[in-house]
Amino acid sequence: MELKLYNTLTKTKDIFKPLEGNEVRMYSCGPTVYKDATIGNMRTNIFQDVLRRVLKYNGYTLKHIMNITDVGHLVSDADEGEDKMIKSAKEEGKTPLEIAEFYTKRFMNDLLSLNIELPEIICKATDHINEMIEFVSGLMEKGYAYETSTAIYFDVSKLDEYGVLSGINLEEQKAGARVDIDQEKKNPYDFALWIKAPKNHLMKWDSPWGVCYPGWHIECSAMGKKYLGEQFDIHTGGIDLIPTHHENEIAQSKGLTGKNPAKFWMHGEYLLINGGKMSKSLGNVYLLNDIIKKGYSPLAYKLFCYSASYRNKINFTWEAIDASNKALIKLKESYKKHFEGNENVQDEIINNYENKFNEAINDDLNMPLAMSIVWEVAKYSVKSKKLADLLLKFDTVLGIKIDELEENNEEIPNDILELVEKRKQARLDKNWDLSDKLRNEINEKGYNVKDLKDDMIVERI
RNA sequence: GGCGUUGUAGCCAAGUGGUAAGGCACGAGUCUGCAAAACUCUGAUUCGGCGGUUCGAAUCCGCCCAACGCCUCCA
């Protein structure tokens, strides 16, 4: 079946085929590890995970790279200001390395909680300083870069075109409208490849241009080239990376190799919070941990993300997460019912569902549509192992561990268990007054009882 | 100022010319000593508004209204 993916470069859904053989080479812009990743960041990671899984579902093998940015991201524009890593280090009284390790670990934990497959290669910027220096040297040799008193800049005027992703037209942009002009820069859109480090700068390396540290974009180009070659299949990231980071990556690579590094550029849209942007000033920055703390499964967040297309904004509300959490539990219970079922379903029906599912995911990862088919299978009145197997197959794309019930590992305190035992007896005695009284008592202590035919289940409310 | 996106039932949202997917909530029923849970059923003659094109529009065009985003670090 044909796989179509939306390509930011062409602004259309293009048919996807790997450049070489059966292997898909893919690069994803990873986190800058100076603070915790938000659920917004995680939406992009979930999108990338679905992409991976859909590619595998289509029979391709993957060579997927994700970088960890542990240096060189400045807090302000105009190529000046503090490095984010260093700023966090100062604030938290740690070294930049400690900061990077700390937040990398927490980021990885989030990926694990969300059952996101790890890329084949995860690489750190600081481990690839030499590759970056080589890249910059190459650009200098070819005349695409020049040195100023503060940095090595990329000269965008040397390119045939700049802004192929975002569609900006350099001539129409007012220079310095929002950014102070650096008098040494040849063009306002020139960006720093390599920055000369002030004496007290914490992270710096020797280079042909003195003691320096990398610019914001060079790491991705250098590492992409090292692991995936001059041109690979897919480059992904958040939508905000289009106008600056990805344009500059393309510029750098075109300068050095003459090629756009990726055939497909794919971008995940923003997550909105109550209809607006997530921002510190509004106090609506949520972490995955905030969702977990409220008693929801992290996979409920993943399922929530599937309710919208990755290319559309989605509005986060607690009501919606609550809905997704219930849906998650229901889906898993539906799987269990099919798994325990002994009825038969015609292969034709199975094939039909599978085709519809394939069609949905292969149409630019249409997860909302795919989910509607998943639900049809889950709710199918005939309970059959064949349908359980089908759901399991779908789950290779969904990654919600459909065959694992959400575990309730919480220990029920003894005093609650005692009340439950008393209530069981009261019910056997048909002493409804006492039974109701005990139920109220249990509820007041924060627990709920579910009466089954011969048993009683207790759980925390 | 420039560029762009969105507006579909209470909430999250599919659907881009052929007569409104799905999930959750609500409501009804079954079950239950009663509840809860579970199970079953149910919801928009209508897609921000007004015009237009068309045999036919949520889908195309025009205008208007509203919300949001980018142009600066951000997934």
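Throughout, protein chains are lettered first and strands after them, A, B, ... in sequence-line order, and every chain is numbered starting at 1. What you see below is based on every heavy atom in this structure, not just the backbone, and it leaves out hydrogens, waters and symmetry mates.
- Looking only at atom types and distance, the side chain of A/Ser384 has no donor-acceptor partner in the side chain of A/Glu343 under 3.5 Å away.
- For A/Phe16 and A/Phe264, the ring centers are positioned less than 6.0 Å apart.
- Listed nucleotides B/rA25, B/rA14, B/rU5 differ in distance to A/Lys326; the shortest reach to its side chain belongs to B/rA25.
- For A/Lys277 against B/rC74, a side-chain-to-base donor-acceptor contact under 3.5 Å is present.
- A side-chain N or O of A/Asn67 and one of A/Thr69 form a donor-acceptor pair less than 3.5 Å apart.
- Out of B/rG69, B/rG22, B/rA14, the shortest distance to the side chain of A/Trp375 is found at B/rG22.
- Taking a pair to require two hydrogen-bonding distances under 3.5 Å in either a Watson-Crick or a G-U wobble arrangement, B/rC50 pairs with B/rG62.
- For B/rA38, the paired base is B/rU30 (Watson-Crick or G-U wobble, both distances below 3.5 Å).
- Across all strands shown, B/rA9 has no partner, as no Watson-Crick or G-U wobble contact with both distances under 3.5 Å is found.
- Side chain of A/Ser309, nearest nucleotide from B/rC68, B/rA14, B/rA13: B/rA14.
- Separating the CG atom of A/Leu303 from the P atom of B/rC11 is a distance of 20 Å, rounded to the nearest angstrom.
- Shown here are the salt bridge (Lys or Arg N to Asp or Glu O under 4.0 Å) partners of A/Asp110, two or more places apart in sequence or in another chain: there are none.
- Here the two rings, on A/His128 and A/Tyr227, have centers that are under 6.0 Å apart.
- Within the nucleic acid shown, A/Glu269 comes within 4.0 Å of at least one base atom, counting heavy atoms only.
- Distance from the side chain of A/Glu319 is smallest for B/rG10 among the nucleotides B/rG10, B/rC74, B/rG33.
- Side-chain proximity of A/Ala323 to B/rU5, B/rC24, B/rA75: nearest is B/rC24.
- B/rA25: no Watson-Crick or G-U partner with both key distances under 3.5 Å is found in any strand.
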Pick out the pairs of N or O atoms, protein on one side and nucleotides 37-42 of chain B on the other, that lie under 3.5 Å.
from: B/rC39; atom 1: OP1; to: A/Lys337; atom 2: NZ; distance (Å): 2.9

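- Between A/Asn312 and B/rA14 there is a side-chain polar atom (N or O) within less than 4.0 angstrom of OP1 or OP2.
- Distance from the side chain of A/Pro368 is smallest for B/rA13 among the nucleotides B/rG22, B/rA75, B/rA13.
- Taking every side-chain heavy atom of A/Arg427 into account, B/rG33 is the closest of B/rC70, B/rG23, B/rG33.
- For a distance-only test at 3.5 Å, the side chain of A/Ser435 qualifies as a donor-acceptor partner of the base of B/rG33.
- For the residue pair A/Met278 and A/Tyr286, the shortest heavy atom distance occurs at SD-N, 3.9 Å.
- For the pair A/Arg43 and A/Tyr270, the cation-pi test (distance below 6.0 Å, angle within 45°) is failed.
- Between the side chain of A/Asp240 and the base of B/rG69, no donor-acceptor pair under 3.5 Å is found.
- Between the side chain of A/Arg439 and the base of B/rA35, a donor-acceptor pair under 3.5 Å is found.
- Picking from B/rA13, B/rC24, B/rU5 the nucleotide with the shortest atom distance to the side chain of A/Asn315 gives B/rA13.
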